[in-house]
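Here's the structure, in structure tokens; my notes come after.
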Number of protein chains: 2
Amino acid sequence: MATMHDVARLAQVSVSTVSYVLTGTRPISQATREKVLAAMAELDYQPNAMARGLASRRSRILGLLMPMDERGLGATETAFVTGAAAAASAVGYHLVLSPVGGGNLDDLRRLASQRMLDGVVLMEVQLADERVTVLQEAGVPLVLIGRTGDTTGLSYVDIDFEQTVREAVAHLVGLGHRRIVYVNHSAATLASGYGPALRTRDAFVAAMTGHGLEPVMIPAEDSAAGGRAALAAAFARTPELTAVLAMNETAIFGILGELTGRGLSVPADVSVVSMVTSPQVAELATPALTAMTSPGSALGRIAIEALVRHLDGPGHERHQQLLPCALEIRGSTAGPRRPAPVSTEPSPTSGG
Amino acid sequence: MATMHDVARLAQVSVSTVSYVLTGTRPISQATREKVLAAMAELDYQPNAMARGLASRRSRILGLLMPMDERGLGATETAFVTGAAAAASAVGYHLVLSPVGGGNLDDLRRLASQRMLDGVVLMEVQLADERVTVLQEAGVPLVLIGRTGDTTGLSYVDIDFEQTVREAVAHLVGLGHRRIVYVNHSAATLASGYGPALRTRDAFVAAMTGHGLEPVMIPAEDSAAGGRAALAAAFARTPELTAVLAMNETAIFGILGELTGRGLSVPADVSVVSMVTSPQVAELATPALTAMTSPGSALGRIAIEALVRHLDGPGHERHQQLLPCALEIRGSTAGPRRPAPVSTEPSPTSGG
DNA sequence: AATGATCGTCGAAGCGTTTCGACGAAGCGG
DNA sequence: CCGCTTCGTCGAAACGCTTCGACGATCATT
């Protein structure tokens with residue numbers, strides 16, 4: 001393996017000159033540059049990443065930190081990862097995947113102090129997330145996918161849950177639905193402070209009351225069985241429901257199964273909208289699901305790009321951005337069987 | 001950030017002694033060790049990964065190389081990744097995720113020559129895969145998930161497609177099915193030398209003829225539409241089919257939809273077995289799919305463990321291992337409506 | 001008691017870069 | 001033609017660690 005010394009010797013220049021050719025830190029004459037480049041080509045020289053990292057105190061490695069729990073990643077989270085990996089590689093950085101849960105903060109502290117990571121993208125952020133504090137204390141540049149409750153001074157990219165829910169509800173209301181049930185993540189997930197679950201809950205309440213409608217939310221375990229149970233609960237609570245809005249990508253197939261099991265057809269009897277869903281998953285269902293398509297890999301990409309911008313030019317400060325999910329109408333929504341008259345005006349009670 | 005010098009000074013020993021305490025390379029007396037440990041604790045010392053990597057010529061970073069094409073990762077591939085990440089982290093290595101397709105071999109060569117990766121796990125291996133050659137030439141320790149056509153001298157973990165197909169066919173035959181159609185990946189995928197598609201094809205032919213049955217294989221594009229088309233083709237070719245074996249995780253939902261669309265019920269009219277599938281996906285369908293459950297994260301874990309074993313003790317040579325998928329019977333298989341008599345003996349034509 | 005081994009520790013030489021200060025050679029205004 | 005920048009290059013000092021050879025001291029062996 002050739003080193004800079006070898007290149008320098010062959011090109012008859014000093015080692016530092018070779019370095020300047022490579023990094024562009026100082027001006028180099030055209031003639032010298034070409035000599036050096038030729039020598040590098042001849043020796044098939046590749047800079048040693050470790051040496052470079054040690055001397056420059058920049059590893060060009062970014063971390064993607066995700067709590068890796070039992071059930072693995074959903075399609076949406078997977079898209080974050082692949083988007084981030086592609087983006088990092090495109091800007092000449094490496095991406096290390098680190099499973100660090102909320103539990104082992106010491107591992108995280110250790111990881112952060114190893115000086116191996118130039119910066120970090122944190123996934124699956126809770127509303128109150130100690131990992132953020134740890135990383136900030138360690139002085140590691142940080143971008144979140146998701147966001148904490150208080151985001152002052154933090155950079156993040158997240159889904160615009162408010163707008164997403166608003167559009168989903170508007171779609172259903174526009175079709176004539178009035179009895180809409182929202183199937184969220186589990187009660188435990190809500191209690192743990194999982195942002196998406198909480199934000200969509202609030203947004204749903206706001207959107208529904210904005211239309212003068214009663215917001216009914218049912219939590220569901222992340223499983224097909226959980227979806228079934230949730231649908232049963234929904235019918236118990238609101239027998240006349242005509243539409244379901246579901247946040248829980250896993251539960252939704254249980255919901256569909258249970259609807260079929262009850263002899264109800266989608267969308268003739270009940271319309272279904274899937275929230276924060278990948279097109280691939282939406283296409284799996286029969287009929288294909290009308291869904292709010294998550295900006296999956298874009299989130300990963302944007303997070304990495306914001307992080308790199310922050311590393312390269314320290315002029316840039318916080319990057320805070322919300323991306324809405326796009327409504328993609330497929331086969332699971334239609335007008336209700338007996339459309340009720342719906343005013344597009346907010347009702348008097350909500351005080352538009 | 002404290003360095004080894006600081007620790008050494010505080011503990012009143014030499015720098016090398018601190019290093020020996022950390023690495024255990026040479027014996028250190030109990031008294032000295034404690035002094036050093038105390039100093040490290042007091043200074044909150046963390047070794048600098050870059051410096052360590054430069055000096056020891058071991059980065060403790062492993063690469064996970066995957067071609068990142070349009071459609072992202074399926075549940076099975078995602079499981080490889082998470083399994084590998086967890087395993088790497090468990091043995092004190094970092095895992096970098098590198099999207100390197102078959103196209104940019106130069107990128108791969110560059111990556112391999114940077115001396116940043118101690119070893120590499122290669123995913124999505126083709127039967128003839130130039131990436132393997134490149135990495136071998138670069139002298140990078142290598143473990144495959146999947147395998148090339150010629151595996152001499154290579155380490156790999158892969159799914160035992162032969163056995164998996166054999167068991168799936170045996171399950172269906174045991175239920176009384178005789179007209180079984182195998183829905184594989186697309187013709188293009190087959191032509192590209194994608195191992196799983198080719199191996200399952202051959203295994204299917206072997207298993208069916210072993211039972212004295214005619215093997216019918218239909219390729220399908222990786223989409224719900226592809227699945228629909230494939231099922232139509234299957235019925236055109238074998239109108240009396242009673243069972244479908246599907247390799248294509250994406251197409252299978254189209255298959256199910258098309259069956260329902262034709263007024264056929266699963267499993268009463270047609271049984272369906274999904275191959276190399278994650279339980280999560282199998283549970284999404286209604287009825288839940290009888291499936292050959294892929295050893296997803298185990299493959300990733302085993303690959304990493306084999307790689308690390310190879311790095312730590314050079315005594316270990318090739319690791320070659322096949323893992324079968326486990327048959328998990330759910331609701332999509334049953335006996336055919338009019339069971340045909342089936343001999344468990346191989347038929348005379350196949351020459352048992 | 002002399003002779004090796006073995007143990008525990010040290011100092012110093014790397015590992016392959018980046019980066020800083022310096023310095024000769026041009027280029028330029030006056 | 002003189003002093004001043006600017007340009008292009010060099011040598012050397014980091015960067016923070018591992019590892020090698022050496023060297024007393026201890027301990028077992030004859």
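Just so it is clear: chains get the letters A, B, ... in the order the sequence lines come, proteins before strands, and each one is counted from 1. Computed over heavy atoms, backbone and side chain alike; hydrogens, waters and symmetry mates excluded.
- In this view, E124(A) satisfies the salt bridge (Lys or Arg N to Asp or Glu O under 4.0 Å) rule with no residue, not counting sequence neighbours.
- One can place CE of M1(B) at 15 Å from P of dC15(D), the figure rounded to the nearest angstrom.
- Distance, M4(A) CE to dC10(D) C1': 14 Å, rounded to whole Å.
- Atom CG of L22(B) is separated from atom P of dG16(D) by 15 Å (rounded to the nearest Å).
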Hey, can you pull the donor-acceptor pairs under 3.5 Å for the side chains in residues 142-159 of chain B, sequence neighbours left out?
residue, atom, partner, partner atom, Å
R147(B), NE, D158(B), OD2, 2.7
T148(B), OG1, D150(B), O, 2.9
D150(B), OD1, T152(B), N, 3.0
D150(B), OD1, T152(B), OG1, 2.9
D150(B), OD2, T152(B), OG1, 3.3
S155(B), OG, H319(B), N, 2.8

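- Applying the side chain to side chain donor-acceptor pair (under 3.5 Å) test to pairs two or more places apart or on separate chains, those with a residue in residues 33-51 of chain B are Q30(B)-E34(B).
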Measure all distances between protein nitrogen or oxygen atoms and nitrogen or oxygen atoms of nucleotides 26-29 of chain D, and list the pairs falling under 3.5 Å.
none

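- Applying the salt bridge (Lys or Arg N to Asp or Glu O under 4.0 Å) test to residues at least two apart or on different chains, the pairs with a partner in residues 1-23 of chain B are D6(B)-R9(B).
- Among L117(A), L64(A), V120(A), the one residue that satisfies the side chain to side chain contact (heavy atoms under 4.5 Å, CB included) test with V96(A) is L117(A).
- In this structure, the side chain to side chain donor-acceptor pair (under 3.5 Å) partners of Q320(A), at least two apart in sequence or on a different chain, are R318(A).
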Side-chain donor-acceptor contacts of residues 53-62 of chain A below 3.5 Å, not counting sequence neighbours, with atom names and distances?
residue, atom, partner, partner atom, Å
S56(A), OG, R52(A), O, 2.6
S56(A), OG, R58(A), N, 3.3
S56(A), OG, R58(A), O, 3.4
R57(A), NH2, A55(A), O, 3.0
S59(A), OG, I61(A), N, 3.0
S59(A), OG, M116(A), O, 2.6
S59(A), OG, D118(A), OD1, 3.1
R60(A), NE, G92(A), O, 3.3

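- The side chain to side chain donor-acceptor pair (under 3.5 Å) search around T17(A) returns S14(A), not counting sequence neighbours.
- Mapping V13(B) and A2(A) onto DNA chain C by nearest heavy atom places V13(B) closer to the 5' end of the strand.
- Within residues 110-118 of chain B, no residue has a heavy atom under 4.0 Å from DNA chain D.
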Pairs under 3.5 angstrom, nitrogen or oxygen only, protein versus nucleotides 19-22 of chain D, please.
residue, atom, partner, partner atom, Å
dC20(D), N4, Y20(B), OH, 2.2
dG21(D), N7, R26(B), NH2, 3.3
dG21(D), O6, R26(B), NH1, 2.3
dG21(D), O6, R26(B), NH2, 3.2
dA22(D), N6, R26(B), NH1, 3.2

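- Residues satisfying the side chain to side chain donor-acceptor pair (under 3.5 Å) criterion with R110(B), sequence neighbours excluded, are D107(B).
- By the side chain to side chain donor-acceptor pair (under 3.5 Å) test, S19(B) is found to be paired with no residue, residues two or more places apart in sequence or in another chain being considered.
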